[in-house]
Structure formats: C-alpha cells, structure tokens
There are 2 protein chains.
Amino acid sequence: MTREPAATTGAIQRPTLADVAAKAGVSASTASLAFSGSGPVADATKERVLAAASELGYGGPDPRARSLRQGRSGIVGVVLAERVRAAFLDPVNIQMLDGVTEGIAPLGAGLLLLTDTGEEGGNAVGIESAPVDAVVLIGCSPRVGRSVEVLRRRGIPSVAIEGAVGEDIPEISIDNREATRRGAEYLRDLGHTEVAIVTLPFDAARTRGPLTPELERGSTADTASERLRGARDVFPEITGRVAATSSIEEGREAAKALLADPAHRPTAVIAQSDLLAAGVVLAAEELGLSVPGDLSVLGFDGIRVDGLQHDLTTLVQPSVDKGRAAGEALVSLLAGETPASRCFTSTLHVGDTTAPPR
Amino acid sequence: MTREPAATTGAIQRPTLADVAAKAGVSASTASLAFSGSGPVADATKERVLAAASELGYGGPDPRARSLRQGRSGIVGVVLAERVRAAFLDPVNIQMLDGVTEGIAPLGAGLLLLTDTGEEGGNAVGIESAPVDAVVLIGCSPRVGRSVEVLRRRGIPSVAIEGAVGEDIPEISIDNREATRRGAEYLRDLGHTEVAIVTLPFDAARTRGPLTPELERGSTADTASERLRGARDVFPEITGRVAATSSIEEGREAAKALLADPAHRPTAVIAQSDLLAAGVVLAAEELGLSVPGDLSVLGFDGIRVDGLQHDLTTLVQPSVDKGRAAGEALVSLLAGETPASRCFTSTLHVGDTTAPPR
DNA sequence: TTCTACGATCGAATCGATTCGAGCCGCCCG
DNA sequence: CGGGCGGCTCGAATCGATTCGATCGTAGAA
C-alpha cells in the first residue's frame, strides 16, 4: 500500500476499490465482482465488501476508470447547431431530444449537450474530445462538415437528423418538399393564388429579410431549401421573407412586412414552422385581419403552440418519432449493424387557419 | 508491440498514441506533449508526430484515458427534477441552463443532462455513476435528498438552484416570499381585495386542483410554498388553484375554474409563473373580461412570453444570473474554495395587466 | 476412496494516456 | 577549453477499475 495518509498529502483521498477490498479482506477482483454483480460471488463475501465500502465511505467504482477499461462511457452526445438557449426555443427540438432519450433508453446512456459553434477553446470539451460512445447531429449547419470529419476520425458512430452529411452516416429526415407541396396544393385548391412564404434561416448568419435569390443560392440549410422547393412546385413565383430563427416573434415581424401594404396583400401565407405561423396569425389579427377569413395561414411541425387560440392548419411531422428513430439507429450502430436512413412522412392537419380567399 | 493486426481480431483497431509515437519515432511521452501542447517540444518533432497521427487516422487522445489520468472529465452534470421534455417547457429553466453554461465557461466543460426520477435501471448512467466533475441541481424534488446523498458519498461538488438541500451545498435562490409580497402589496395598494392565486405544483405527483390545506402541508416544493407565503403576508385568506405544471394551458384551465362563477370573481389573480399568468390572461379574455379592466394579473419570472399581446406585470427574476451564479459557484468549488449561497432579488415590473379594480 | 467438476477467489495483465524526474546534447560564457 | 545551463526527449510510474485464466477447495459421482 503506497497510498499516503490524507494528513500527508493535504488533500482528501477518496477510497478506491483496492482500499475497500483490503478492508474486506478480499482481492480487488472479487470486490469488483461484488459491485458489478457479474460473476459468481458468495453472498457473505458480497456483504462483507459492501459493508467495508459503506464504512469507508466509498461511493462506488470510478466511472472514469470503468469507462477506460470497458471502452465505453455510457454517454451519447447531442450536437446542436446553435447555443443551448436558441436550440431549445422551438419545441420541435425538445420533442426530438425527448425522442432520442427514448430511443437510446436500452443503452441507459446519458445525454451530453454539445454545440458545433466555431472552434473549441483551449481545454473545452467539444466534439473533438468528448467521452461519448455515439452522437446525434441535430439540424444542419455549415460547420457540420467539420464535425462529421472529426467524428469519423475518432470512429464515433453518428446519426444525423435533418441534414445529409455523408453516405456512411444514417440520416433521419422527413419529406420536407413533398409535405410542403401537399400543403401548397391544398391552398391552391382552396383558390389561393396570392401566396407568400415565411422561411427558416438559410445560412449560418441567420440573415433576416426579404427572400432573395442570393440567399437561396447560398443556402446551407437543407430544411429551408427543401420546403421552399415544395412551395415552388405549386407556386413557382412565390416570394416572401426569411426569418432569423423559428419563433413567434420572428413570424410576427415577417408577417408585418408582408402585410404592410394593403394593396398587395397575399391571401395566404406558408410558414416553415408552427412558431412562425403563430406569429403570422397574431400579426394579421393585430392588423385587423381575420384568420382565416382575410388570410389563410399554413404552418409546419404540428406542435401545440402554447397559448395560441387557433387550431393551426399545418404539416404534422413526427418529431418524437424522428428523435426515437435516431436513438434506435445509434443503438443499432453500436451493435455493429448498419441501420438504413429513414424518411418520415408528414401529414396535413387541416385546422381553422385556412379557408378559401374572399 | 503486442497489438494484433485488425485481420486477426476481426474488429477495427483504432490507433493509439503509442502507435503514433512509434510511427513518428518518438516516445509516447513526447507524442503526448506534442498533442497537449504543454511542455517543450521541438517544432520539427511536433510536426512529425502530427503527420504520423494524420497518416494513421489517429483521432486524438482518448478522452476516457485522459480523464482517468487527470482525475477529471470536463463534464458538468445538470440534474433536472423531471424528464427532459417537461423541464424545458418553461423558458425559465432554459434560461437558467444557459446561465450555467456561461458560468462554467472557464472550465470548458460539457453539460450532461441527468434526471433524478426514480431508480437507475441496470447499466444506466445516472447520478450514481456519471463521469461528472461537478453537478448543478435544478429545482427541488422529493428525491433530491437521495441525489444529494449519492453526490456527497462520491465527493462530487454540487450547487443547488432553488431548493435547500444541505448546509454543505451552496444554494442559489431568489427572494420568493418577499418578491411575491411586494407584488401582492402592489395589488392591495391598487385597491384589490378579492384576489386569487394560481400556484405551481406542491408535490411530486403534481396534483392539480383547488388549493387545499392538505396540499400545502404536504408540500415538498419550496418555491411554491414560499411564494404562497408571500401572498399570504398581504392576503392571509387567499385561495385559488394549483397547476400541474408551469404552462399557459395549465394557467388557462386554472383561470377558467377561478372565473367560472360571475358572482364570485376575483378582481386580481396572482400567478406563480409567467406562463401561468399568460394562461390566466387568455382565459379571462376568452370569457369576455378585459385585462386589466376587469381582471388584474400578476406573473412571476419576467420571461418574454412568446406571442402574448400584453406586457405582463410580473416579478422579474434574474434567471440567467441564477444559472451563471450556480456555474460560478461550481468553478469556485472546483478551485477548492467554499462559495457562499446567494439569494437574488426580483424586481416588480409594472406592465399593462394590472389596474385598480372597477 | 479417488477422480471429476464446479463454484469462489485471486493474480496479473490491460485499457490509453499523462506526468515527473532523470538524462542527453549543444551552446554560451568565463 | 571546460563547466554550466537550458531546452528537448525518454522511461517508468500512475490513474482505478475490469477481466481472463489459473488456482484452490470441496462436494458429488463412480
């Protein structure tokens, strides 16, 4: 026993498994078995070990040592495109996260929040050096390429939600384009011809403003682009505003701009998220327009917007399912299998925010 | 070199630092220095090592081994009282989380989400066995006692936000009682005498319904109790409804019950959170009551309720500051200091949801 | 009674990096 | 020309547990 007494080192020495084993009069291997439960240990021995542990104030095996030996940490990383606050603003992300926890439940793993915003400062634990067994990439970002490269080098199994990143990484997505097209067709069939769109951001800078060809061309966001294409499939000339993020406030701002001129008001607005749609509804009503009488509004996501009076007409996407599928794909990857990418289908929910134009 | 070639084991062998060192013709220690940057290494050597690493597809030092050796993992745990989805419903929690990330920024640590709901199943990574350097406990729960005990045994520095858990654990809180009292006094000074309250849940079961003495007595939630006491300081006979969680919908439900009988309507409602307050406002307006004309509503938190038309009169608590303070306390604890508990002050923000009674 | 088989326990190797002290080499200064 | 010093590199110990193969003892079977 080379361990120095606490008095010598000055620092408090936590007891180790070896200490416990010594006190219990057994070997370290036996003590380990007593704790892990795997392997045959006589009940009396086990009790003796546990008693020694409790006497010494031993808090259980050190997870760091355990994970080194076992080669896995029991932690799954979640890479978000933005900082925590921004990412959790939209309930969709939270639902997906919740789905992920369900999906990886069989692993019994914890969730480590990571962001791929810029460089990793000094000693920071980023994607570069996080003790994770696997990773879920949520939402695409221009930097996702770098993240993927790092993960590949480190040999960490990964799954991407919404954002094609590489052929060897399974992707969980939805039919963004087709779904939006269905929604747009529904509006067209109602008789709408003057339709505007409020999109999610196209670039990492989250530029807000009118939808311009430059922005579209520079797009690094598949989701926004695909949904826009779906709208274009039905209304080729559609134009509108780009929001800086998915929130009610952004939707309201965009709608104010779209509805400012009474002479050129659209009769319907396609919003790329429910939060944006909710903002559009509120802005319209503030301007004295009735929804859906004067303005039809189509959302995307199918979340319950807390507090909104209307039942949004929207494209309901299975967010929780997506998260769960991503989690399950990770489990599968860790089991050595090669799960396929999955594409979920959204369904049009007709609520009370759409009607034929006046 | 005892390493088997990949062909023999069948599994892909990731290269280790030793492999890199061998290929670069240096010792493992030098290779380590080349990566960590600490210690003097000739530029030429460093380049050689990095080149060898890149050639071998080495993804950097294994964080598990590193954390074992260094004795810290670079991960901070966040213990939530409920499952992820529920905890992130209220923006206040997200703001606090965001503050925590700011506070622990100097550590460069990642955030591991943990919940203290029930037992830890089998191999699950819970509070019992998570490789964390420190922990923030957010929101109190009846089980928090067990969590604290585990953390103490494991010798993991902890800080609690809103929830006194033990003298050796610093607590970050706000003046719940005094703040509510100030709000209540403001309502009284406006002339209100018929005041009702909508509270946060009192117990782990999140019982919803009328506020009863039984619920109050069985309270395990300091926050709800303290805020109720503050209201009682001004309106000793106050009664009302208990919500199951902090959300607009719950607020609306509670308000519907409170306002159901036109003969016994309160002229003001004290809500224990802004989400609840927003629900109360919406419910009142649905019933054709004007806010603040027919009903004054007081909130708590000072969050911007996305989409609510009103400027809530509310007790603004510095959520982000609380989170940051908790993070800073952790940093301090890890530095061997003993940070004091901190109690923040809330300020009454007078918006447009309060007025003298008719 | 002897051999077998199995349950319990132990020793030692291992996971992959970090870190400390020692050693080596070349340069500068006296 | 010699001693000293500083910068670079290396060896070996260490972090704390898990795990595999070996050992020991005993009970049951032949």
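Proteins come first, then strands; the chains are lettered A, B, ... in the order of their sequence lines, and each starts at number 1.
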NZ/NE/NH1/NH2 to OD/OE distance under 4.0 Å, B:Asp168 and B:Arg152: yes

Would you tabulate the nitrogen or oxygen pairs shorter than 3.5 Å linking the protein to nucleotides 22-28 of chain C?
none

Backbone of B:Ile156 reached by a side-chain donor or acceptor of B:Ser158 within 3.5 Å: yes

Interface residues of residues 42-57 of chain A with DNA chain D (non-hydrogen, below 4.0 angstrom): none

Contacts of A:Pro61 that satisfy side chain to side chain contact (heavy atoms under 4.5 Å, CB included) - sequence neighbours left out: A:Phe35, A:Tyr58, A:Arg66

Distance-only criterion, 3.5 Å: show the donor-acceptor pairs between side-chain atoms of residues 325-338 of chain A and protein atoms not counting sequence neighbours.
from, atom 1, to, atom 2, distance (Å)
A:Ser332, OG, A:Glu337, OE1, 3.0

Salt-bridge contact B:Asp133-A:Arg64 (side-chain N to carboxylate O under 4.0 Å): yes

Check: A:Ser29/A:Ser32 side-chain N/O donor and acceptor closer than 3.5 Å: no

More than 12 heavy atoms from other groups under 6.0 Å of CG on B:Asp43: no

Salt-bridge present (A:Glu149, A:Arg154; N to O < 4.0 Å): no

Ionic contact status for B:Arg342 with B:Glu171, cut-off 4.0 Å: no

Terminal axis angle for the helix from C:dT1-D:dA30 to C:dG30-D:dC1, five pairs an end, nearest 10 degrees: 40°

Separation of atom CZ in A:Arg72 from atom P in C:dG16, rounded to whole Å: 14 Å

Distance-only side-chain donor-acceptor flag, A:Ser319 / A:Gln95, under 3.5 Å: yes

Lys/Arg-Asp/Glu bridge criterion (N-O < 4.0 Å) met for B:Arg153, B:Glu128: no

Could you list, one pair per line, each protein nitrogen or oxygen that sits under 3.5 Å from a nitrogen or oxygen of nucleotides 17-22 of chain D, together with the distance?
from, atom 1, to, atom 2, distance (Å)
D:dA17, OP1, A:Tyr58, OH, 2.5
D:dA17, OP1, A:Asp62, N, 3.4
D:dA17, OP2, A:Leu17, N, 2.3
D:dT18, OP1, A:Arg66, NH1, 3.2
D:dT18, OP2, A:Ser32, OG, 2.6
D:dT18, O2, A:Arg69, NH1, 2.5

Interatomic spacing from CD1 in B:Ile138 to CE in B:Met96 - rounded to 0.5 Å: 5.0 Å

